[in-house]
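Accompanying notes for the structure given below.
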Amino acid sequence: MTAAIIVFPGSNCDRDTAVALEAASGRAPRLIWHRETALPKVDLIVIPGGFAYGDYLRAGAIAAHSPIMREVVARAHAGVPTLGICNGFQVLTETGLLPGVLTRNASLRFVCRDVHLRVEQTDSVFTCKYRPDQVLRIPVAHMDGNYIADDTTLQELEDHGQIALRYCDADGAATAEANPNGAQRNIAGLFNRRRNVLGLMPHPERAADPHHGGTDGRALFAGLVEMIAA
Amino acid sequence: MSNAAPRPNDLMGLSEPEYDTILEIMGRPPNLTELGIFSVMWSEHCSYKSSRRWLKTLPTEGPQVICGPGENAGVVDIGDGEAVIFKIESHNHPSFIEPYQGAATGVGGIMRDVFTMGARPVANLNALRFGSPDHPKTRHLVRGVVAGIGGYGNCIGVPTVAGEVNFDPAYNGNILVNAMTVGIAPADRIFYSAAAGVGLPVVYVGSKTGRDGIHGATMASAEFGGDAAEKRPTVQVGDPFTEKLLLEACLELMATDAIVAIQDMGAAGLTSSSVEMASKGNVGIELDLDRVPLRETGMTPYEIMLSESQERMLMVLKPGHEPAAMAIFEKWELDCAVIGETVDHGRLILRTAGSIAADIPVPPLVAAAPEYDRPWTATPPRPVLTAAEVPQQPDLGPALCRLMACPDLASRRWIWEQYDHMVMADTVQRPGGDAGVVRVHGSEKGLAVTTDCTPRYVHANPIEGGRQAVAEAWRNLTAVGATPLAITNNLNFGNPERPEIMGQLVGAIQGISEACLALDCPVVSGNVSLYNETEGSAILPTPVIGAVGLLPDLAVTTSLAFAANQAIVLIGKTAGWLGCSLYVRESCPGETMAPPPVDLAAERRNGDFVRGLIADRQVTACHDLADGGLLVAVAEMALAADIGATITLPGDLPAHAWLFGEDQARYLVTTANPADLLAAAIQAGIPARRIGHTGGASLTVSGTAPISLADLSAAHEGWLPAYMATA
Amino acid sequence: MQARIHVTLKNGVLDPQGKAIHHALAGLGFAGVEDVRQGKYLELELADQDRAAAEQQLRQMCEQLLANTVIESYAIELDGEAVA
Amino acid sequence: MQARIHVTLKNGVLDPQGKAIHHALAGLGFAGVEDVRQGKYLELELADQDRAAAEQQLRQMCEQLLANTVIESYAIELDGEAVA
Ligand SMILES: Nc1ncnc2c1ncn2[C@@H]1O[C@H](COP(=O)(O)OP(=O)(O)O)[C@@H](O)[C@H]1O
Ligand SMILES: [Mg+2]
């Protein structure tokens, strides 16, 4: 599998994500600087976490207009698997590849901790290695993870199985207490209609090594490698 | 002497004799810009004039030390061709005036100190002291400082993995915000600040210069009067995004062969960075101020030289490397300019609009900086408090819950969850244990990091308190299995012109020195923050120790979380010392008497023994004993795992002295094999005693009612969020 | 030319920041505050140019970058006058 | 009564957000933008009351909470009219 990781000024999980991808695939991903206008032929595009352009104005807003993003959007439309983690998710909503908006956490504070996630949809290149309703423990670390969309959009997301992951408690119940940021319907991860684009707030690359204290994120990368090779 | 010219009314914080020295050096009255340069260079903050003669007494050497105090940060060998680079720094006054920006720029400043030496920062820590929770400003300050530290560190992408927080009315008008950064660099590619060589280009890179924080260095050395509000416009705003670009650009340039010397622009900005590079390199520097990237119009040479605008670096390059450097800076979208060159005449010459704005000989500007032997008086010893003088609390459960919920012991989760403590994906022990542990990227080695100080001990007895701060830091590293390497320190004290304050400083330094020698842990960097007073009332003396240790193999590390069905063994001698303990402070207000004595030889023996047990995989959990004593340590270990314990009382000590005494040099360990462990202790001559076992959902002290972990957890986790939620 | 841009949340979109400020004001004892909404405010200094062109440009800036029109609306003033 | 409050950075205080937005606008091809400053904008709905009292209260709110007067200034409008 050949993967490209898009690097903006202010990205800070590019290396972490590269490490997790390399561990899963045996191949170091290519880091693509945001000023590039062309992408090499790749099997996977990843927009990593961080604070692209300081998240000034709105999280992900300025990055969404970086030169490389025109190409990323085109590839995603053409069906290339595209993964946005945390800040990457914010960038994907700002480009319109995913619907809705990620706004300031309801607590108005940055939140960094483990959360539980329920796998809602396993029929995708990203989630194929998980079981339906499997409960994962993966960290979040963000200031703007509060997902908002209008009711029509939310209903469409539900109807088309586009909700990938929801915040839940250790037993899999999607309760308000288990929601770290106030996201509507406890949405933690979202697909586009075609399910080749996934945005998620939690950081699977921080739950990919026994030293992380958990490895529940690993299957996401392993699944991608398997599906793309197939 | 050239006293003919009238003296300026405003000596910018310099004394009359200091001004006379300047006249002698210059052979004429200095102009405003020159006086400003002397003023910041000779401020307490930059010149250490009150503390220098005492700092010289600190032990700074060891086979592991690559570079001790004197550069931007200390450098220590960690093997395999790598070095750890670290330092701590205060941003107390700015954080009191504007907590968010003050704390944020404190983090930014200390990170620059570390990456200017070639290291990629891998961990941040913060040591915080706030006023009484009841004080009307405290909540606002806590909220702002924590948000500011997180705001900066999270954005730049360096995990904040450890720290400490205390509350005491002595900090009501003068909080402490000390930030520490730890970085890793190739041991053969460390960058220093000596600009050796003439005719070399001097390059400015980073944010443009504005009128931010002019005279911040002198402000950091001034006592707060009632007019603190007037000093407001000097506050700087941090831009972590630009710092991230500066970090990446510097590391990228450092991978080439272009840099001769590099120095961040911190306190006293362009002045101290250029003077330091020239002085260390035994050269002069000429700067063309018209080429400095400016954010505002009409800035004077004085303002340009004294500006403390953040996120800026000054470097001296090898000739011909400018284009390559500029290409890197352009890629990272940073402002940059060649603003001058090194010269052989040993002077700092500043030009603007074709004329000379300042001309100062560098060697005396640095060497003639004042150094004082300030009068000091030793802190009088306090009487010892006996256990018999301290009433027993009738109910153990409520007493323990109160203690676990007191501001100095309550969980800091509300704070560290606002810090990204996992970015870089190398965090192995998160905040909440004895030390933060980060993996050395790409290896199976780890670095353990901690900050510690118990100001109430230092206040009661500066020498014991200084020893204790080092000993506790050393213990915290030991408790995760790490070998302590070296320390950095931040000496936060009141007005050194008062002999009793100076006595605290002298005593604490003596204690620190003794402990460093006994524990083989040299000082490699540090910072001094004096004049922490408001209207004549000083803070508690707070010599914060930041320590770094090495874990050769991450597979053999411990945490404080209990495992089930293990024996609990107490290592170290318990005399039941209640003086200065939190138990006494929380249960019977009044004079708390003498703090626990620190037996450095016992610290060394017990710690080395515990580290050996961890290395031999004989223990399943480990925690050092500190604030609150034995029962608090047991409770912390239980809460970390949600596994209870049963503890026995000894016959030879009153229960409260046994459970809450704060005797030093002690650890709790758990093991499946207590007989072996106790035998090994006897063999080694280490006091060790089996005190109970783990299991269940409550904490039981024999003969008393069980305390439910749920209640303990609610008390411990509840205080800070509830406090911060009140308007 | 000076442009002033107000970016505000659309009606019905939850405003946690506004709510928190409202709550804090009440905590400080300010009675009679019925609602608080927080928005963004931008001041742009533009090179002198044709007013119609400037207006057109400002609208594009808002649509493309300055506002997220999924949840935000914007209002533009140019040299003190509202732009339709 | 409706109050509008603008909170802006004082002159000379660094505005990293404004700088980044400025840079982004240039990247999008918007020429002729000479400066961008970002501020905050608040709309407060107040219970009807004496105008002088409301003005006084709003000033206090700004001083105590809404503006960080160390680095920010504020301007208040009440029912569309500037408050001195
Ligand atoms: N300001 C802070 N930032 C990050 N972590 C903190 C902070 N304050 C406390 N902690 C963490 O909380 C835990 C308890 O702190 P403390 O009581 O000072 O520990 P110890 O007694 O072992 O020194 C430690 O893991 C420490 O790193
Ligand atoms: Mg400890």
Side-chain angles (χ1 to χ4, degrees), chain B residues 93-102 104-105 108 136-137 140 143-144 147-148 151-152 155-156 206-214 228-245 293-299 303 307-312 332-335 727, chain D residues 3 5-47 49 53-54 56-76 83-84:
Chain B
H93 290 70
S95 302
F96 184 74
I97 293 170
E98 211 308 277
Y100 185 98
Q101 295 297 343
T105 51
K137 284 197 90 156
H140 160 75
R143 184 176 294 121
Y152 209 101
C155 180
I156 198 169
S207 288
K208 291 187 168 72
T209 296
R211 291 192 174 88
D212 321 78
I214 290 172
E230 300 299 303
K231 296 186 173 138
R232 282 173 170 185
T234 57
V235 166
Q236 309 134 19
V237 169
D239 181 0
F241 168 60
T242 297
E243 177 115 328
K244 167 73 174 166
L245 305 185
L294 298 180
R295 197 174 80 228
E296 297 179 59
T297 50
M299 286 185 70
E303 290 172 324
S307 162
E308 295 192 355
S309 288
Q310 301 290 296
E311 293 93 22
R312 299 179 302 160
W332 292 100
E333 305 178 6
L334 293 162
D335 281 298
Chain D
I5 297 175
H6 288 88
V7 179
T8 48
L9 286 169
K10 287 184 181 167
N11 267 339
V13 174
L14 176 70
D15 178 9
Q17 309 238 25
K19 198 173 111 187
I21 296 167
H22 189 176
H23 186 83
L25 288 173
L28 285 172
F30 292 105
V33 181
E34 290 168 355
D35 194 26
V36 180
R37 302 279 285 173
Q38 174 165 341
K40 262 187 272 181
Y41 170 65
L42 295 158
E43 290 174 353
L44 278 74
E45 206 53 61
L46 304 179
Q49 57 186 298
Q56 157 87 357
Q57 211 192 21
L58 286 165
R59 261 190 298 263
Q60 286 178 356
M61 290 179 189
C62 287
E63 290 287 332
Q64 286 182 39
L65 182 75
L66 304 180
N68 177 350
T69 52
V70 178
I71 49 174
E72 294 171 334
S73 342
Y74 57 88
I76 305 173
V83 169

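Quick caveat, the model's predicted, so the values are computed rather than measured. Convention: sequence-line order gives letters A, B, ...; per-chain numbering from 1.
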Y41(D) and E43(D) side chains, donor-acceptor separation under 3.5 Å | yes
NZ (K40(D)) and CG (L9(D)) are apart, to the nearest 0.5 Å, by 8.5 Å
Non-hydrogen atoms of chain D under 4.5 Å away: do they reach the side chain of Q310(B), the backbone, both or neither?
-> neither
Do the non-hydrogen side-chain atoms of V33(D) and H22(D) ever get within less than 4.5 Å of each other?
-> yes
Short side-chain to backbone donor-acceptor contact, S207(B) and R312(B), under 3.5 Å | no
Give, as side chain, backbone, both or neither, the part of K10(D) having an atom under 4.5 angstrom from any heavy atom of chain B.
-> neither
Honestly, the part of T242(B) sitting under 4.5 Å from a heavy atom of chain D is side chain
